[in-house]
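A quick write-up on the structure given underneath.
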Amino acid sequence: MTEELEQLQDLTRTFLAKESEPNHERWTEQHAVDREFWNKAGEIGLLCISCPTEYGGGGGTFAHEAVVLREQGYIADDCWSYQVHSPIVAHYINAYGSHERKQRWLPKLASGEFVGAIAMTEPGTGSDLQAVRTTARRDGDHYVINGAKTFITNGTHCDLVIIVARTSDAPGSKGLSLIVAETCDLDGFERGRVLQKIGAMGTDTRELAFTDMRVPAENLLGDQEGQGFVQLMRQLPQERLSIAVQAAAAAEHAVDLAIAYAKVRTAFGRTLLEFQNTRFVLAECRTEALALRTFIDHCIAEHVAGRLDGATASMAKYLATDKECEIVDRCLQIFGGYGYMTEYPIARMYAAARVQKIYGGTNEIMKELIARSL
Ligand SMILES: Cc1cc2nc3c(=O)[nH]c(=O)nc-3n(C[C@H](O)[C@H](O)[C@H](O)COP(=O)(O)OP(=O)(O)OC[C@H]3O[C@@H](n4cnc5c(N)ncnc54)[C@H](O)[C@@H]3O)c2cc1C
């Protein structure tokens, strides 16, 4: 942390307390945050905070992104998919877009005029990205895109979507490219079902379908086709670290909630915190949450210094999300029956935590990637 990051932390905390926290229940019911919330976040400078200022960004580093992600974890925010929009989508564009495309898209993503999504997963393939079947066929100065994607975060609100598509018949990863579509009034672009999830129901997760959808050829990310897989591999460590940052913060928050509850709830004439089991569980959880934060802080510093390798990012993602689920589960137990009631934040945290082991690359895939580095 620096003085500047602390100021950002205060700003984010105040903003989320006023504009996000009071709306979580309503957003959960409507399966999405209010569209204007994105504009409000843009107005105070929370979006694209680590993109260059010449493109409307905040000119910060991943540490700035991490501050926002961590504040979300500290209030158990299971609604706002900032993590997809800012540290992921904007970063792909910043890394691989032409100067002209960056000028066109990044200021809009920074202001909240555009909401970003990334569409990799298909009904037939998730972990195995090399099996993507969506095609993008070149036709003059356009690509014609056909295919279907599923589980797409920000599927309802997205004005811009990065699509993983096959631009040639080259086998496996060689034929994959990343192509951006602006969705407003785009013929052939269809938002499918809003998917009913067991947790994080305030995030908007949908199917998307593309039928003879024409997008300008200059929307290809990178200077030639067939680079999609390599581009994904380069950016995925940041995506994984982003998930880990939120997971570590959520674990700490769960422990805080359980301690507060254990101090006031009584049974057999004592507070729960006076039982040795409660004390030991909370002592263990507190220790593990602190150890986790320390490791994640180390990874953030490594990433800011340009040294975070893919295997270490995978370790961060797998360890943080496994521990998040374990710690939240143990803390929920301290709430007894109230821990199972969705009006208690710990219950919603339990459901929201589960997906963290699945998306961004499953934890089994993380272990594969770590194992390859051994
Ligand atoms: C709420 C939510 C939001 C999401 N948001 C997005 C999004 O915005 N954009 C997007 O593109 N995707 C998104 N996803 C998709 C997510 O990234 C995939 O679900 C994930 O990558 C797993 O793919 P799959 O569901 O097809 O599972 P599969 O790949 O079918 O895997 C099934 C099981 O097999 C295991 N497995 C697979 N291969 C191996 C292997 N080689 N070794 C060992 N075990 C293996 C997996 O670990 C898993 O346990 C989201 C998913 C969810 C649930």
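Keep in mind it's a predicted model, so treat the numbers as computed, not measured. Whatever order the structure lists ligands and atoms in, that order sets their numbers, starting from 1.
A donor-acceptor pair is defined here as one N or O able to donate and one able to accept, closer than 3.5 Å; no such pair exists between the side chain of His31 and the backbone of Asp204. Between the side chain of Glu122 and the backbone N or O of Thr134, at least one donor-acceptor pair lies under 3.5 Å. At distances below 3.5 Å, at least one donor-acceptor pair connects side-chain atoms of Lys102 with backbone N or O atoms of Asn94.
Residue contacts with ligand 1 for Thr121 involve both N, CA, C or O and side-chain atoms from C-beta outward (heavy atoms, distance under 4.0 Å). Residue Ile365 touches ligand 1 through its side chain alone, judged by heavy-atom distances below 4.0 Å. With a 4.0 Å heavy-atom cut-off, ligand 1 is reached by the side chain of Lys197 but not by its N, CA, C or O.
Side-chain contact, Asn363 with Asp322: a donor N or O sits under 3.5 Å from an acceptor N or O. With 3.5 Å as the limit, one finds no donor-acceptor pair spanning the side chains of His91 and Glu239. Judged purely by distance below 3.5 Å, without hydrogens or angles, the side chains of Ser20 and His24 pair a donor atom with an acceptor atom.
Linking ILVMFWY side-chain heavy atoms closer than 4.5 Å, directly or via other members, places Leu5 and Phe62 in a single hydrophobic cluster. Placement of Met233 and Val89 within a single hydrophobic cluster is found when ILVMFWY residues are connected by side-chain heavy-atom separations under 4.5 Å, directly or transitively.
Under the 4.0 Å distance rule, the nearest protein heavy atom to atom 4 (C) of ligand 1 falls inside the cut-off. For atom 36 (N) of ligand 1, no protein heavy-atom neighbour is found at a distance under 4.0 Å. Of the protein's heavy atoms, at least one falls inside 4.0 Å of atom 1 (C) of ligand 1. There is a protein heavy atom less than 4.0 angstrom from atom 44 (N) of ligand 1. In this structure, atom 32 (C) of ligand 1 has its sub-4.0 angstrom surroundings free of protein heavy atoms.
Close N/O approach between Ile118 and ligand 1 is found [any backbone or side-chain N/O within under 3.5 Å]. The shortest N or O to N or O distance between Ser127 and ligand 1 is below 3.5 Å. The distance criterion of under 3.5 Å between nitrogen or oxygen atoms is met by Gly126 with respect to ligand 1.
Protein heavy atom in closest approach to atom 49 (O) of ligand 1: Glu364 OE1, 3.5 Å. Considering only non-hydrogen protein atoms, atom 42 (N) of ligand 1 sits nearest to Glu368 CG, 4.2 Å. Phe151 CD1, 3.8 Å is the protein heavy atom nearest to atom 19 (O) of ligand 1. Among all non-hydrogen protein atoms, the one lying nearest atom 52 (C) of ligand 1 is Val355 CG2, 3.9 Å.
Atoms of ligand 1 found under 4.0 Å from any heavy atom of Thr362, numbered from 1 in the order shown, are 22 (C), 46 (C), 47 (O). Listed by number with element, the atoms of ligand 1 under 4.0 angstrom from any heavy atom of Met120 are 10 (C), 11 (O).
Between Lys323 and Glu326 there is a salt bridge, since at least one side-chain N of the basic residue sits less than 4.0 Å from a carboxylate O of the acidic one.
Of all the listed residues (Val161, Ile358, Thr153, Thr203), Ile358 holds the heavy atom that lies closest to atom 20 (C) of ligand 1.
Under the 4.5 Å side-chain criterion, counting only non-hydrogen atoms from C-beta, Asp78 is not in contact with Met349. No side-chain heavy atom of Tyr318 sits less than 4.5 Å from a side-chain heavy atom of Ile365.
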